[in-house]
Amino acid sequence: MKFSDYFEAWLNGNYYAKATPIGKKGDFYTAVSVGSLFGICIAKRILKLANNFEGKIFIVEIGANEGYLLADIIQGIFTFSPERLANFEFAIIEPHENLRDLQNKNFKKRFGDEVKISHFSSFDKAKFKNAIFIANELFDAFKCEILDVDKILFVENHKYEFKKADDEILDFAQKFKIKKGEIPLGYFDFANDMRKSAENFAFIAFDYGQMRAKNDFSLRVYKKHEVFDFFEIENLSEFYGVSDITYDVNFEILKAAFEENSSKMFDFKKQSTALVDFGAVEILEMFLKHSKTAYENAKLQLNHLLNEFSRFNMIEFRG
């Protein structure tokens, strides 16, 4: 089978479908694992973005895993502007039933019956007048082909080999000047689906990668916080479906996908810069006024976010 099918079965057919935990008890950390400050910073940005919309706004997280990020965003909105909370509705687009159940459980534990969450299994089930979409480490989980000049990767019985690539993949690679590395599939369909699901939207996404072709393999596997080069793993069956597999995002392709679908890239910058621009320093000052303990905790979180996620970027689109 093509590597893209193997990747999809590994990650979405098994790994995420089992509601695998993220963080200390999982295979890898995300910015959400650090603490609530990440979501609180995004909440501050959302309150500013909301001024561009008229009427109710849906805040929609795509691929929310445990649901902690959206919960932190809701808490942040309530902290900054409790009177504006009624202007928002909240939703998650999540294809995996086990994760939807986990998200509902966590929201019930966090908010009781005070906050209602709508779930959609896909974009075509969701229609919004105004939406602010959020995603964290989403695009590195889209299936991909692995290209080496004119060949792509195939896998049978957890053994891989390169074979001749078809013209469609080669044309795509040439367009984005990729000679070696990952060819993501689905970015253009995703941008089209988002465009059709909302009359007006903003989209904030965080992921690791770069705004160009790296022209090298970045495919890797995370298991219990250890990282393994995919091509150095001797027995893939030991990792298949029970560990995370990922690759660097080529934001140039993502940008092209949204621009082709009548949307515009509004901003692109390092995640650390984005959090400061969103208001991280002002948030620390707010914590200091209320509790030194809360301030010290938030300061520690910010230090982690600024220094341990150096390869992450934030990209924002509007449509």
Side-chain angles (χ1 to χ4, degrees), residues 41-64 69-70 73 87-95 118 120-144 168 171-173 175-178 182-213 247-271 273-275 277-278 312-319:
C41 289
I42 296 172
K44 197 167 180 64
R45 176 62 177 164
I46 285 173
L47 287 170
K48 186 174 181 179
L49 280 173
N51 295 326
N52 299 319
F53 298 90
E54 293 183 4
K56 283 253 185 180
I57 303 168
F58 263 93
I59 299 175
V60 185
E61 187 175 4
I62 306 165
L69 177 57
L70 185 56
I73 290 170
N87 296 336
F88 298 100
E89 295 186 58
F90 306 99
I92 293 173
I93 296 177
E94 177 56 67
S118 300
F120 303 96
S121 60
S122 61
F123 273 122
D124 61 1
K125 302 289 194 301
K127 300 298 176 185
F128 310 104
K129 178 176 176 56
N130 301 310
I132 298 175
F133 296 103
I134 307 294
N136 184 51
E137 297 194 39
L138 175 70
F139 295 104
D140 60 290
F142 276 53
K143 65 181 182 179
C144 65
E168 184 178 3
D171 290 344
F172 189 97
K175 178 179 179 180
F176 292 100
K177 300 178 181 179
I178 303 170
E182 296 79 26
I183 306 288
L185 306 177
Y187 285 9
F188 286 81
D189 288 341
F190 176 90
N192 181 52
D193 290 344
M194 180 178 286
R195 173 69 280 180
K196 290 191 296 185
S197 75
E199 293 181 27
N200 310 289
F201 76 86
F203 176 38
I204 304 171
F206 300 84
D207 229 311
Y208 41 72
Q210 58 287 317
M211 184 62 83
R212 57 179 174 78
Y247 59 95
D248 287 359
V249 173
N250 183 336
F251 287 97
E252 181 184 14
I253 300 175
L254 190 61
K255 177 176 180 286
F258 274 86
E259 289 177 345
E260 185 177 284
N261 286 282
S262 304
S263 305
K264 183 178 180 180
M265 188 183 79
F266 185 79
D267 204 359
F268 176 76
K269 61 186 63 171
K270 286 289 185 183
Q271 176 175 293
T273 303
L275 294 178
D277 290 348
F278 286 2
F312 281 72
N313 293 294
M314 183 281 300
I315 194 164
E316 183 179 321
F317 296 101
R318 296 186 188 179

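- Using a 4.5 Å cut-off on side-chain heavy atoms (C-beta onward), D277 and D267 make no contact.
- One N or O on the side chain of E61 and one on the backbone of L70 form a donor-acceptor pair closer than 3.5 Å.
- In this structure, the separation between CG on D207 and CZ on F142 is 9.5 Å, given to the nearest 0.5 Å.
- Without hydrogens or angle criteria, Y187 side chain to F139 main chain gives a donor-acceptor distance under 3.5 Å.
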(request) Please assess K264 against R318 for the test side-chain contact (heavy atoms from CB on, under 4.5 Å), listing each intermediate value before the final yes or no. (result) CA-CA 5 Å; K264 183 178 180 180; R318 296 186 188 179; 5.6 Å; no
(request) Check the pair F201, V60 against side-chain contact (heavy atoms from CB on, under 4.5 Å), reporting the backbone distance first and the verdict last. (result) CA-CA 10 Å; F201 76 86; V60 185; over 6 Å; no
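- Atom-to-atom distance recorded for E89:CD and N130:CG is 11.0 Å, nearest 0.5 angstrom.
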(request) Show your working on side-chain contact (heavy atoms from CB on, under 4.5 Å) between F203 and I62 and close with a plain yes or no. (result) CA-CA 10 Å; F203 176 38; I62 306 165; 4.2 Å; yes
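- Looking at I178 and N250, their side chains come closer than 4.5 Å, going by heavy atoms from C-beta outward.
- A distance of 6.0 Å separates CD1 in I183 from CD1 in I253, rounded to the nearest 0.5 Å.
- Here the CE-CD distance, from M265 to E259, works out to 7.0 Å after rounding to the nearest 0.5 Å.
- Ring-plane geometry between F317 and F258 is classed as parallel, the angle between the planes falling under 30 degrees on a 0 to 90 degree scale with a further cut at 60.
- Between K270 and N313, the closest side-chain pair of non-hydrogen atoms falls below 4.5 Å.
- The residues E252 and K177 are annotated as not salt-bridged, no charged nitrogen and carboxylate oxygen being separated by less than 4.0 angstrom.
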(request) Show the numbers, then the answer: is there a side-chain contact (heavy atoms from CB on, under 4.5 Å) between E316 and L49? (result) CA-CA 11 Å; E316 183 179 321; L49 280 173; 3.4 Å; yes
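- Residue M194 holds its CE atom at 7.0 Å from CD1 of I93, rounded to the nearest 0.5 Å.
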(message) Assess the residue pair S263 and N261 against the criterion (side-chain hydrogen bond (donor to acceptor under 3.5 Å, both in side chains)); give the C-alpha distance rounded to whole Å, side-chain angles, the decisive distance to 0.1 Å, and a yes or no.
(response) CA-CA 6 Å; S263 305; N261 286 282; over 6 Å; no
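- In this structure, A50 and I57 approach most closely via the heavy-atom pair CB-CD1, 3.6 Å.
- In summary, the aromatic rings of F128 and F120 are positioned with their centroids under 6.0 Å apart.
- Ring pair F312/Y208 is perpendicular by interplanar angle, where above 60° counts as perpendicular and below 30° as parallel.
- Residues I315 and V249 have side chains not in contact (no heavy-atom distance under 4.5 Å, counting atoms from C-beta outward).
- For K56, the NZ atom sits in a packed shell: over 12 heavy atoms of surrounding residues, nucleotides or ligands are nearer than 6.0 Å.
- The distance from the OG atom of S197 to the CG atom of N192 is 10.0 Å, given to the nearest 0.5 Å.
- Although no hydrogens or angles enter the test, the distance criterion places no donor-acceptor pair under 3.5 Å between the side chain of D124 and the main chain of D193.
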